[in-house]
> 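Before I ask anything, let me first share the structure, which is written out below as structure tokens.
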Amino acid sequence: MNTSIRVTLDGSSAEVPVGTAVREVLERLRPDLAGQALGVRAGEEVLDLQRRLTQDAKLEVVTAADGDPGALYLLRHSAAHVLATAVRELWPNAGIGFGPPIEDGFYYDFDVPRPFTPEDLEAIEAKMREVVEADHPFERREVSRGEARALFADDPYKLERLEEIPEGDVISVYRDGPFLDLCRGPHLPRTGLVQHFKLLSAAGAYWRGDERRLMLQRIYGTAFFSRQSLERYLHRLEEAKRRDHRMLGKQLDLFSIQEDGGPGLIYWHPKGAMLQFLLRRFIEDELLKRGYELVYTPHLASEALFQRSGHLQAYAELMFPGMELEGEVRGYRVKPMNCPMHMLIYASQQRSYRDLPKRYAEVASVYRFERSGTLHGLLRVRSLTMDDAHIFCTPEQIEDEVLGMLDLVDHVMTTFGFEYRLALSTRPAKRIGSEDLWDAAETALRRALERRTLAYALDEGGGAFYGAKIDCKFHDAIGREWQGATIQLDFVLPERFGLAYIGPDNAPHRPAMIHRAIFGTLERFIGGLIEHFAGAFPVWLAPVQVRLLPVKEGHRAAAADLAARLRAAGFRVELDDRNETVSYRVRDGEVLKIPYILVIGEREASAGTVAVRRRGAEEKQIVMPVEAFMVQLRREVAERSRDPVQSLTAPAGRA
RNA sequence: GCUGACGUAGCUCAACUUGGCUAGAGCGGCUGAUUUGUAAUCAGCAGGUUGUGGGUUCGAGUCCCACCGUCAGCUCCA
């Protein structure tokens, strides 16, 4: 067995004995950085300076940098320990759960007698500063299982975790000052390096994320290497609140949720309804171009249907309760999904392989009894309008169908300028359908993704029990991730409904079935759009595209004529002839984020021109002939342009 | 659903740590004056059973209980 290993650090390498600490390698190979190094990167993994090397390694030094995920990982993981150290000082008997770094910070879960208050957080933060000032070294030690059991004899959560560490794995503990944690690491060299941090919130969180188990108290915080980065982050959070679709929805009068009407049920006001109308028209046009057929089905059906589809067995707790209708033997339910209805249409006649694929699309509201605590503006509701479709095809056609859907998803997302992420979810442990079926399904999805060379995350075992799926995710204003488009294979429903097509062999075969939604739901998609555009919708989507302001009373008639003309040309126009100054009305239009404000005064009325003020443009007014403006507007709508039109200039020789 | 916080005019927010006269302000609305040229003209008026229902108290926006709703997180999901 080798007693020495070869270690390469930032390009230079050395032969060192097995078990040499990273710190020693560093002092030998990069003495210049020894003081600044926080850890090293070994491929994907970050190691701290105390780690002993047991095999050949290629390392890179990690130094303090807010742009380096590895450095931030060390920092935030250590900040979580500093937090726990402080909490243990103030609540010596606090139980400790997990405390990992996360996307934008870190958290730690505690078992304490009462929930933390905002004042507690301040006190904890002050105590954290003391821990930082004490500059305790983070000490790593590898221990035996027996020793670990003894060390954490009073920490039931740690003991539970300990027992899950597989036999043979290294068990390590980290100490900083008085605080000892069962932890894999890595950590910063010392607590003193955690300089710029802030505790953000506290809330309950179930131990191990299991709602049947005890609720611990979680504290969230964030940390950066520089004060500027911390402040920039906190400022970004503030900014994000101004994009919140719930606030903008109220300000721009798009929608409301009525306490008298019930939670999670959306009232679309005229301007929000216009958004929904435009999106619907957009997607339905796209679907018709792609060989879909539109269907309309009832929002209500006999319980027998949902019995047959399996919803009443598998999905009952998300369905609104049944209703008894006078004189009817059976109960009725509002639909939580459209698939059972589309199944019935397919099953209404005999199908030939020549008919396939059959693509039924329906933009329809469905109703789901989401748990009250999960409701969130437009992003999680109880009446949701899906741009739903069900594709019935032969197993061989699945791949091409999925490919077409991925193209449509991409077309839609790029039209709106949405960044998105795809995830492929494969067979879960609890599933139905033969292995052959799953193999074919997963292969079809994967091959479709790869044929379009799309990057995707793999969610092993994350599929639904009835089929594999591809999901598309996007972020809201404050960075929470939501699911939008979804493409799901389904092996169950064709079976349950006994669907068939007659193949070339003159024998019946079971068709494959794909559920899919591109927007996901109009509610969630519009919520996302509002935040994405911060309420400043591109012209083709803006509920009001143009606002006309006559300068004074005498110009009202000219403005009204122009409004009528624009409307006749298909534009969405408002006339603002209120008895207010031009400045006031311009401001009002700006606040409402209307793309074009046109001022009509003496000059314009007599010359047939308009003074155009384009939202966000440098130049505050550009005088141009009405015709030229209309051409411009028409082009912008046709192109679904997302950027302010740069070419909007006055014709040469303008007055 | 769970834990915690919150709920005052259409909107945003006041009403003192410790219950005390008729619950205030800005924006918005209405009326009038002003006839306005690119981000707020001036004046007046109206607008509230302080989420709902109970309770404590001489007295409750303020304290207690229940319910409804909202927010953050957990869980779940389009």
Side-chain angles (χ1 to χ4, degrees), chain A residues 107 109 114-118 120 200-220 241 244 246-247 250-251 253 256-264 315 317-318 336-337 366 368-382 384-388 464 471-474 478 480-486 488 515-525 527-528 549-556 577-592 597-604 611-615 619-623:
Chain A
Y107 69 78
D109 289 341
R114 62 165 175 84
F116 296 110
T117 64
D120 291 339
L200 298 172
S201 62
Y206 300 107
W207 168 236
R208 313 304 299 263
D210 184 340
E211 63 181 319
R212 287 162 307 193
R213 305 195 63 174
L214 187 71
M215 184 167 268
L216 305 181
Q217 295 302 318
R218 175 171 300 176
I219 297 178
Y220 283 93
K241 281 185 198 154
D244 191 310
R246 293 166 297 187
M247 199 200 66
K250 208 178 273 183
Q251 268 173 20
D253 196 20
S256 62
I257 297 168
Q258 301 289 334
E259 189 165 344
D260 289 342
Y315 210 72
E317 64 183 38
L318 272 164
M337 294 185 188
V366 298
R368 300 185 185 171
F369 193 73
E370 297 289 343
R371 294 158 84 178
S372 60
T374 65
L375 301 176
H376 183 93
L378 291 176
L379 300 184
R380 172 167 250 87
V381 296
R382 284 181 173 163
L384 36 157
T385 310
M386 307 183 73
D387 63 318
D388 209 357
D471 290 328
C472 167
K473 319 212 179 212
F474 65 94
I478 63 169
R480 287 176 295 212
E481 194 169 69
W482 299 87
Q483 186 180 315
T486 182
Q488 307 183 351
H515 309 249
R516 46 105 289 186
I518 305 299
F519 290 139
T521 69
L522 258 31
E523 285 78 9
R524 184 174 286 179
F525 195 79
L549 315 188
V551 172
K552 44 184 164 179
E553 252 171 47
H555 311 123
R556 271 186 185 172
D577 59 0
R578 287 178 296 176
N579 180 13
E580 298 286 354
T581 61
V582 171
S583 274
Y584 178 92
R585 287 176 288 159
V586 164
R587 176 174 193 275
D588 199 51
E590 289 280 345
V591 167
L592 293 173
I597 296 171
L598 307 189
V599 176
I600 317 293
E602 208 49 53
R603 298 196 295 265
E604 292 76 15
V612 180
R613 183 187 170 101
R614 160 83 214 198
R615 181 185 63 202
E619 202 155 1
K620 293 307 177 199
Q621 64 167 325
I622 293 165
V623 179

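The structure presented is a predicted model; accordingly, all values stated were derived computationally and were not measured. Lettering follows sequence order; numbering is per chain, from 1.
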> Touch check for A:Glu523, heavy atoms < 4.0 angstrom, all strands: base, sugar-phosphate only, or nothing?
nothing
> Do A:Glu317 and A:Arg371 come close enough that some side-chain heavy atom pair is under 4.5 Å?
no
> Would you indicate what A:Glu259 reaches in the nucleic acid, counting non-hydrogen atoms under 4.0 angstrom: base, sugar-phosphate, or nothing?
base
> With a 4.0 Å limit, can you tell me whether A:Arg578 has a side-chain N or O closer than that to the phosphate oxygens OP1/OP2 of B:U41?
no
> Find out whether A:Val366 and A:Met386 are in side-chain contact, i.e. whether some heavy atom of one side chain is under 4.5 Å from a heavy atom of the other.
yes
> Applying a 3.5 Å limit to both distances, which nucleotide forms a Watson-Crick or G-U wobble pair with B:C67?
B:G51
> Would you mind classifying the nucleic acid contact of A:Arg524 as base, sugar-phosphate or nothing, using non-hydrogen atoms under 4.0 angstrom?
base
> For RNA chain B, whose closest nucleotide is more 5', that of A:Pro115 or that of A:Arg585?
A:Pro115
> Using atom CG of A:Leu379 as one end and atom P of B:C76 as the other, report the distance to the nearest whole Å.
19 Å
> Could you identify the nucleotide paired to B:A40, looking across every strand shown and requiring Watson-Crick or G-U wobble geometry with both distances under 3.5 Å?
none
> For A:Gln251 and B:C13, what is the distance between atoms CD and P respectively, to the nearest whole Å?
11 Å
> For A:Tyr220, answer base if it contacts any base atom (sugar-phosphate contacts may also be present), sugar-phosphate if it contacts only those atoms, and nothing otherwise; contact means non-hydrogen atoms under 4.0 Å.
sugar-phosphate
> In whole angstroms, how far is the P atom of B:C77 from the CD atom of A:Gln488?
11 Å
> Which nucleotide in the set B:A78, B:A39, B:G69 lies at the smallest distance from any side-chain heavy atom of A:Arg587?
B:A39
> To the side chain of A:Ser201, which of B:A72, B:U36, B:U70 is closest?
B:A72
> Within the 4.0 Å heavy-atom criterion, would you say A:Ala611 contacts the bases, only the backbone, or no part of the nucleic acid?
base
> Give the rounded distance in Å between these two atoms: OH of A:Tyr107 and P of B:A72.
19 Å
> Can you check the distance between B:A78 and B:G4, where both ends of the measurement are the C1' atom (answer in whole Å)?
28 Å
> Check whether any side-chain heavy atom of A:Arg585 lies under 4.5 Å from a side-chain heavy atom of A:Pro550, and answer yes or no.
yes
> Report which part of the nucleic acid A:Val366 touches: base, sugar-phosphate, or nothing (heavy-atom distance under 4.0 Å, all strands).
nothing
> Nearest whole Å is fine: how far is B:A78 C1' from A:Glu481 CD?
13 Å
> Is the shortest side-chain heavy-atom distance between A:Asp120 and A:Arg114 below 4.5 Å?
yes
> What distance, rounded to whole Å, do you find between the two P atoms, one in B:A9 and one in B:U52?
10 Å
> State which of B:G73, B:U38, B:G37 makes the closest approach to the side chain of A:Val551.
B:G37
> Quickly work out the A:Leu522 CG to B:A78 P distance and round it to whole Å.
16 Å
> Give A:Gly520 one of three labels, base, sugar-phosphate or nothing, depending on what nucleic acid heavy atoms sit under 4.0 Å from its own.
sugar-phosphate
> When you compare B:A39 with B:G20, how far apart are their P atoms, in angstrom units rounded to a whole number?
46 Å
> Assuming nearest nucleotide by heavy-atom distance, tell me which of A:Gly264 and A:Val591 is located more 5' along RNA chain B.
A:Val591
> For a quick check of understanding: with a heavy-atom distance under 4.0 Å over all strands, which category does A:Gly373 fall into, base, sugar-phosphate or nothing?
base
> Is there a donor on the side chain of A:Gln217 or the base of B:G73 sitting less than 3.5 Å from an acceptor on the other?
no
> Could you tell me the separation between the CG atom of A:Asp260 and the P atom of B:G7, rounded to a whole number of Å?
20 Å
> Would you indicate, yes or no, if B:A72 has its OP1 or OP2 atom less than 4.0 angstrom from a side-chain nitrogen or oxygen of A:Arg480?
yes
> Just checking A:Thr374: base, sugar-phosphate only, or nothing, at a heavy-atom cut-off of under 4.0 Å?
base
> My understanding is that a pair needs two contacts under 3.5 Å, Watson-Crick or G-U wobble. By that rule, which nucleotide pairs with B:U17?
none
> Would you call A:Asp210 and A:Arg208 a salt bridge, taking side-chain N to carboxylate O under 4.0 Å as the test?
no
> On the nucleotide B:U36, are OP1 or OP2 found under 4.0 Å from the side-chain N or O atoms that A:Lys552 carries?
yes
> In Watson-Crick or G-U wobble terms, both distances under 3.5 Å, what is the partner of B:C27?
B:G10
> Using a cut-off of 4.0 Å on non-hydrogen atoms, how would the nucleic acid contact of A:Gln258 be classed: base, sugar-phosphate, or nothing?
nothing
> Taking only the C1' atom of each, what is the distance from B:U17 to B:U62 in whole angstrom?
13 Å
> When all nucleic acid strands are considered with a 4.0 Å heavy-atom cut-off, which category describes A:Tyr584: base, sugar-phosphate, or nothing?
sugar-phosphate
> Heavy atoms under 4.0 Å, any strand shown: does A:Gly554 hit a base, just sugar-phosphate, or nothing?
nothing
> Answer with yes or no whether A:Arg371 presents, from its side chain, a donor or acceptor under 3.5 Å of a partner atom in the base of B:C76.
no
> Just so I know, are the side chains of A:Glu370 and A:Leu375 near enough to count as touching, which here means a heavy-atom distance under 4.5 Å?
yes
> Go through it in stages, so that I can follow the logic: the residues are A:Arg213 and A:Tyr206, the test is side chain to side chain contact (heavy atoms under 4.5 Å, CB included), and I'd like the CA-CA distance, side-chain angles, deciding distance and then a yes or no.
CA-CA 6 Å; A:Arg213 305 195 63 174; A:Tyr206 300 107; 5.6 Å; no
> Expressed in whole Å, how much space separates the C1' atoms belonging to B:G51 and B:C6?
12 Å
> Using the P atom in both, what is the distance from B:U41 to B:C67, to the nearest Å?
50 Å
> Would one find a side-chain N or O of A:Gln621 under 4.0 angstrom from OP1 or OP2 of B:U38?
no
> Rounded to whole angstrom, note down the C1' distance from B:C74 over to B:A14.
35 Å
> Do the side-chain N or O atoms of A:Thr486 get closer than 4.0 angstrom to the phosphate oxygens (OP1, OP2) of B:A78?
no
> Hey, does the side chain of A:Lys250 come within less than 4.0 Å of B:U12's phosphate (OP1/OP2), counting only N and O?
yes
> Is there a donor on the side chain of A:Tyr206 or the base of B:G73 sitting less than 3.5 Å from an acceptor on the other?
no
> For residues A:Leu384 and A:Arg368, determine if any side-chain heavy atom of one lies less than 4.5 Å from a side-chain heavy atom of the other.
yes
> Report yes if the side chains of A:Arg578 and A:Asp588 come closer than 4.5 Å at any heavy-atom pair, otherwise no.
yes
> Are OP1 or OP2 of B:A39 and a side-chain N or O of A:Arg613 less than 4.0 angstrom apart?
yes
> Looking only at side-chain N and O atoms, does A:Arg368 come under 4.0 Å of OP1 or OP2 in B:C76?
no
> For A:Glu602, which contact category applies under a 4.0 Å heavy-atom criterion: base, sugar-phosphate, or nothing?
base
> Rounded to whole angstroms, how far apart are CE on A:Met215 and P on B:C74?
10 Å
> Would you say A:His515 reaches B:A78's phosphate, i.e. side-chain N/O to OP1/OP2 under 4.0 Å?
no
> Using the side-chain heavy atoms of A:Arg380, tell me which of these nucleotides is nearest: B:U36, B:U3, B:C77.
B:C77
> Which nucleotide, if any, forms a Watson-Crick or G-U wobble pair with B:C2, using both distances under 3.5 Å?
B:G73
> Distance check, P atoms only: B:C68 and B:G32, in whole angstrom units.
47 Å
> One pair to check against side chain to side chain contact (heavy atoms under 4.5 Å, CB included): A:Glu590 and A:Ile597. What are the steps and the verdict?
CA-CA 8 Å; A:Glu590 289 280 345; A:Ile597 296 171; 4.3 Å; yes
